[in-house]
Amino acid sequence: MSIITTGAGPSPRGTGLPAAPNLRRKARPGETVIRAILMTSAFLSVAVTVGIVAALIQPVIEFFREVPFGDFFATEGQYAVLPLVGGTAMTTVIALIVAVPLGLGAAMYLSEYASPRARKFLKPTVELLAGVPSVVYGFFALSFVTPTLLQDILSFDVGFTNALAAGLVLGVMIIPTIASLSEDALSAVPQSMRQGSLAMGANRMQTTLRVVLPAALSGVAAAVVLGLSRAVGETMIVALAAGGQKNLSLDPRESMQTMTGFIAQTAGGENPVGSTSYNTLFAVGLLLFVITLVINMISIAFVRRYRQAY
C-alpha cells in the first residue's frame, strides 16, 4: 500500500493535515501604510499640543518678569486672574446643572425606552444642537433668555449681561455632547444584564438606574467631562452674555467675565503687541490650558477606575 505525502510537511499534532501557513511572514503593504498613517496622526496630535505650549511659554515668561505672581493670582487689580477663574467656574457649574440631568435623561430614554423608529428620528435631532454656531447661542441669551425668561417670566433682577443667562445657554449647547456619548455608553451594556435584572423582578426604571447606568458609569463620566471641557473653553456665549467686567461674586445674576471672554477681549482690543497687557492673555491662556489638562487627567483616572469590560 502506497503512502501519499504532501509538500507542506507533517502537521505539528500528527493529524495528517497540512500545517497552517505562517501569516506573520506574509507581506502586507496596505497594513504598513495604514499603520504609518495612524502613527503620524498620533504624533501630530502630540506635536500640536507641544507647539501650543511652546508658543505660550515665552510671552508668559515676559509677563511674569513685569508682574509678580501675587498680583496675578489676586482677587483685585488689573492683572488679577481669580475673578476670571470665578466667572468661568460660575458659568460652567450652571451649565452642568442644566446639561447633566437633561443629557442623561435624553440618553436613558433613547437607549432604554425609545423605539428604533423614534431613536432614528430623535437622536439626530438632539445632535443637531451641536451644529448651531455658538455666536447664535450668545445672541439667543441676549435677546430671549435674559429679557424674556429671566426678567419677564421669572422676574429676576438681572442686568443686560449676567452669568446666569450665559450658564443656561451654555448648558443647552453641551446637552448634545453629553446625551450622544452617554447614549452610546448605555447602549454598549450587554442585553443579558437587562434581562437578568428583569428576571429578578426589577421594573424597567430600576433596571436602568441600578444596573445599566452603573455598568456604563465610565462612559457616562467621560461624556460629562467632555461636556465640561467644552463649557470651560467656550468663548462666544460667555463673551456676549456673561459680560466684560471682572467680578468675583457668588451671585450668578451679576455680570462676570470668564477666562475665554477676557482672552477674546484682550486679543481684539487696542493693547500693543508685546506689551504687558497683551501678554496677559498668554498667561491666562496657559492657566486655562493647565486647568483643562487637570480636568482631563482626573477624568482619565476616573474612567480607568470604573471601567468594566464585557
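Along the sequence shown, residues carry numbers from 1.
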Check your understanding: Under a single-linkage rule joining Ile, Leu, Val, Met, Phe, Trp and Tyr whose side-chain heavy atoms are separated by less than 4.5 Å, which residues share a cluster with Leu226?
Key -> Leu181
Practice item. Output all residues satisfying side-chain hydrogen bond (donor to acceptor under 3.5 Å, both in side chains) with Thr260, sequence neighbours left out; order by chain, then residue number. Key: Thr258
**Study point:** Sub-6.0 Å ring centroid separation between Phe63 and Phe282
**Key:** no
Practice item. Scan for salt bridge (Lys or Arg N to Asp or Glu O under 4.0 Å) pairs involving residues 231-256, sequence neighbours excluded, and state none if there are none. Key: Asp251-Arg253
Check residues 165-179 and write down every donor-acceptor pair under 3.5 Å in which the side-chain atom is one partner and the other belongs to a residue at least two apart or another chain.
none

Donor-acceptor contacts, no H, no angles, side chain residues 135-145, under 3.5 Å, sequence neighbours left out:
from: Tyr137; atom 1: OH; to: Leu129; atom 2: O; distance (Å): 2.7
from: Ser143; atom 1: OG; to: Phe139; atom 2: O; distance (Å): 2.7

Review point. When you check the side-chain N and O atoms of Glu62 and Gln58, is any donor under 3.5 Å from an acceptor?
Key: yes
Check your understanding: Are a donor atom and an acceptor atom from the side chains of Ser187 and Glu183 found within less than 3.5 Å of each other?
Key -> yes
Exercise for review: State whether the side chain of Asn279 and the backbone N or O of Val60 hold a donor-acceptor pair below 3.5 Å, judged by distance alone.
Suggested key: no
Review point. Hydrophobic clusters join Ile, Leu, Val, Met, Phe, Trp and Tyr when side-chain heavy atoms are under 4.5 Å apart, directly or via other members; which others share one with Met39?
Key: Phe43
Point to revise | Any pair counted as salt bridge (Lys or Arg N to Asp or Glu O under 4.0 Å), so long as it reaches residues 140-157, sequence neighbours left out | key: none
**Study point:** Partner set under side-chain contact (heavy atoms from CB on, under 4.5 Å) for Ser275, not counting sequence neighbours
**Key:** Asn271, Pro272, Ser277, Tyr278
Revision key, fill the gap. Tracing side-chain contacts under 4.5 Å among Ile, Leu, Val, Met, Phe, Trp and Tyr outward from Met200 reaches none
Review point. Excluding sequence neighbours, so at least two apart, what forms side-chain contact (heavy atoms from CB on, under 4.5 Å) with Leu293?
Key: Met297
Review point. Between Ser229 and Thr292, do the side chains contain an N or O donor and an N or O acceptor separated by less than 3.5 Å?
Key: no
For residues 44-54, tabulate all N or O donor-acceptor pairs below 3.5 Å that involve a side-chain atom, not counting sequence neighbours.
from: Ser45; atom 1: OG; to: Ser41; atom 2: O; distance (Å): 3.0
from: Thr49; atom 1: OG1; to: Ser45; atom 2: O; distance (Å): 3.0

List, one per line, each side-chain donor-acceptor pair under 3.5 Å for residues 73-95, sequence neighbours excluded.
from: Thr88; atom 1: OG1; to: Leu84; atom 2: O; distance (Å): 2.9
from: Thr88; atom 1: OG1; to: Met259; atom 2: N; distance (Å): 2.9
from: Thr91; atom 1: OG1; to: Gly87; atom 2: O; distance (Å): 3.2
from: Thr91; atom 1: OG1; to: Thr88; atom 2: O; distance (Å): 3.1
from: Thr92; atom 1: OG1; to: Thr88; atom 2: O; distance (Å): 2.7

